[in-house]
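What follows is one structure encoded as structure tokens, with my remarks underneath.
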Amino acid sequence: MGDDVLGTCDKPAVMYADNVVLSSVGSAPEPEREGDEAGMAPASAADNDSEETFTYGRRLRRARLAKQWSQLQLAYRMRDVGKKRRGAATLHSLLIMISKWENDRKHPNQYSLHLIAAALEIDVASLGLPVDQDFVF
């Protein structure tokens with residue numbers, strides 16, 4: 001058990017690793033570029049976000065989280081509201097659609113848009129998508 005971990009490595013690999021570390025110690029660090037960190041945006045860009053520039057998906061997510069609901073809770077509520085109207089999709093389908101809507105991969109049709117707003121008890125226009133004035137919910 002007294003074996004050294006480095007003793008079990010092959011010598012060329014250890015020598016190569018030592019050379020890489022030594023050569024990088026004296027070199028200047030590379031300049032940091034936007035997007036180098038996965039999913040990270042510069043703080044100044046995040047601070048300048050205003051609600052007018054939010055995408056539909058971000059508005060929907062914020063409205064859902066303001067109620068402290070999960071996507072599943074929103075799907076259940078949409079089903080309840082849909083029962084009083086023209087109906088709603090299955091829970092499984094709603095969960096998939098909510099995820100796509102929140103990630104801006106899809107936009108809901110007019111019925112779903114009104115269903116979401118009714119479920120969240122918010123104004124349809126606050127979600128940031130065009131509202132058909134002729135649509136009857």
Side-chain angles (χ1 to χ4, degrees):
M1 267 334 265
D3 292 335
D4 185 0
V5 173
L6 290 178
T8 61
C9 296
D10 63 346
K11 296 295 181 192
V14 173
M15 290 174 52
Y16 174 75
D18 287 342
N19 288 337
V20 170
V21 171
L22 287 175
S23 66
S24 66
V25 170
S27 63
E30 288 188 33
E32 192 171 300
R33 296 180 306 260
E34 185 176 335
D36 278 355
E37 298 290 326
M40 302 297 288
S44 60
D47 294 341
N48 292 334
D49 277 350
S50 64
E51 286 195 33
E52 295 87 38
T53 62
F54 286 172
T55 63
Y56 162 75
R58 189 164 179 190
R59 288 173 190 248
L60 173 58
R61 183 178 295 117
R62 287 172 58 98
R64 178 178 59 80
L65 293 176
K67 295 244 182 218
Q68 297 180 345
W69 288 355
S70 67
Q71 288 181 344
L72 181 60
Q73 288 170 307
L74 176 57
Y76 271 110
R77 181 74 176 126
M78 287 175 67
R79 289 282 312 226
D80 289 343
V81 171
K83 285 179 186 176
K84 299 172 189 162
R85 304 290 178 170
R86 291 185 245 164
T90 64
L91 285 175
H92 178 73
S93 295
L94 283 172
L95 283 173
I96 292 170
M97 288 188 289
I98 291 168
S99 176
K100 287 181 180 185
W101 294 333
E102 287 189 357
N103 289 299
D104 292 310
R105 288 186 278 148
K106 298 279 184 182
H107 289 272
N109 60 23
Q110 285 296 308
Y111 178 73
S112 295
L113 182 64
H114 282 78
L115 190 62
I116 293 164
L120 290 169
E121 298 172 339
I122 59 174
D123 183 44
V124 178
S126 69
L127 291 171
L129 285 178
V131 179
D132 182 1
Q133 298 302 321
D134 297 327
F135 181 78
V136 178
F137 183 62

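Treat the numbers as computed from the prediction; the structure is a model and nothing was measured. Numbers here simply count residues along the sequence, with the first being 1.
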Suppose we screen for salt bridge (charged side-chain N to carboxylate O under 4.0 Å, His left out). Which residues come up paired with Arg77, at least two apart in sequence or across chains?
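Scan of Arg77 (salt bridge (charged side-chain N to carboxylate O under 4.0 Å, His left out), adjacent residues dropped) gives Glu121.
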Residues at least two apart in sequence or cross-chain that pass salt bridge (charged side-chain N to carboxylate O under 4.0 Å, His left out) with Lys106, listed by chain then number, are none
List, one per line, each side-chain donor-acceptor pair under 3.5 Å for residues 123-137, sequence neighbours excluded.
unit_1 : atom_1 : unit_2 : atom_2 : d
Ser126 : OG     : Asp123 : O      : 2.6
Asp132 : OD1    : Asp134 : N      : 3.0

Apart from Leu72 itself, which Ile, Leu, Val, Met, Phe, Trp or Tyr residues share its cluster (side-chain heavy atoms under 4.5 Å, direct or through members)?
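Besides Leu72, the hydrophobic cluster comprises Tyr76, Leu91, Leu95, listed by chain and residue number.
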Return the minimal non-hydrogen interatomic distance between Gly57 and Asp104, and the atom names on each side.
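The answer is N-OD1, 2.8 Å.
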Shortest non-hydrogen separation from Ala89 to Arg79 and the atoms involved:
O-CD, 2.9 Å
Close side-chain approach of Met97 and Pro108, heavy atoms under 4.5 Å
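With C-beta onward as the side chain, the pair stays apart.
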Heavy-atom check, side chain of Arg61 versus side chain of Asn103, under 4.5 Å
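Arg61 vs Asn103: side chains touch.
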Can you sort out the partners of Arg64 under side chain to side chain donor-acceptor pair (under 3.5 Å), two or more places apart, ordered by chain and number?
Glu102
Would you kindly confirm whether Ile96 and Trp101 end up in one hydrophobic cluster when ILVMFWY residues are joined by side chain heavy atoms under 4.5 Å apart?
no
Table please: side-chain donor-acceptor pairs of residues 111-120 below 3.5 Å, with sequence neighbours left out.
unit_1 : atom_1 : unit_2 : atom_2 : d
Tyr111 : OH     : Arg86  : N      : 3.2
Tyr111 : OH     : Gly87  : N      : 3.3
Tyr111 : OH     : Gly87  : O      : 2.5
Ser112 : OG     : Asn109 : OD1    : 3.0
His114 : ND1    : Gln110 : O      : 2.8

If you count every heavy atom of other residues, nucleotides or ligands that lies below 6.0 Å from Lys100 atom NZ, does the total exceed 12?
no
To the closest 0.5 Å, what do you measure between OG (Ser70) and CG (Leu65)?
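Answer rounded to 0.5 Å: 9.5 Å.
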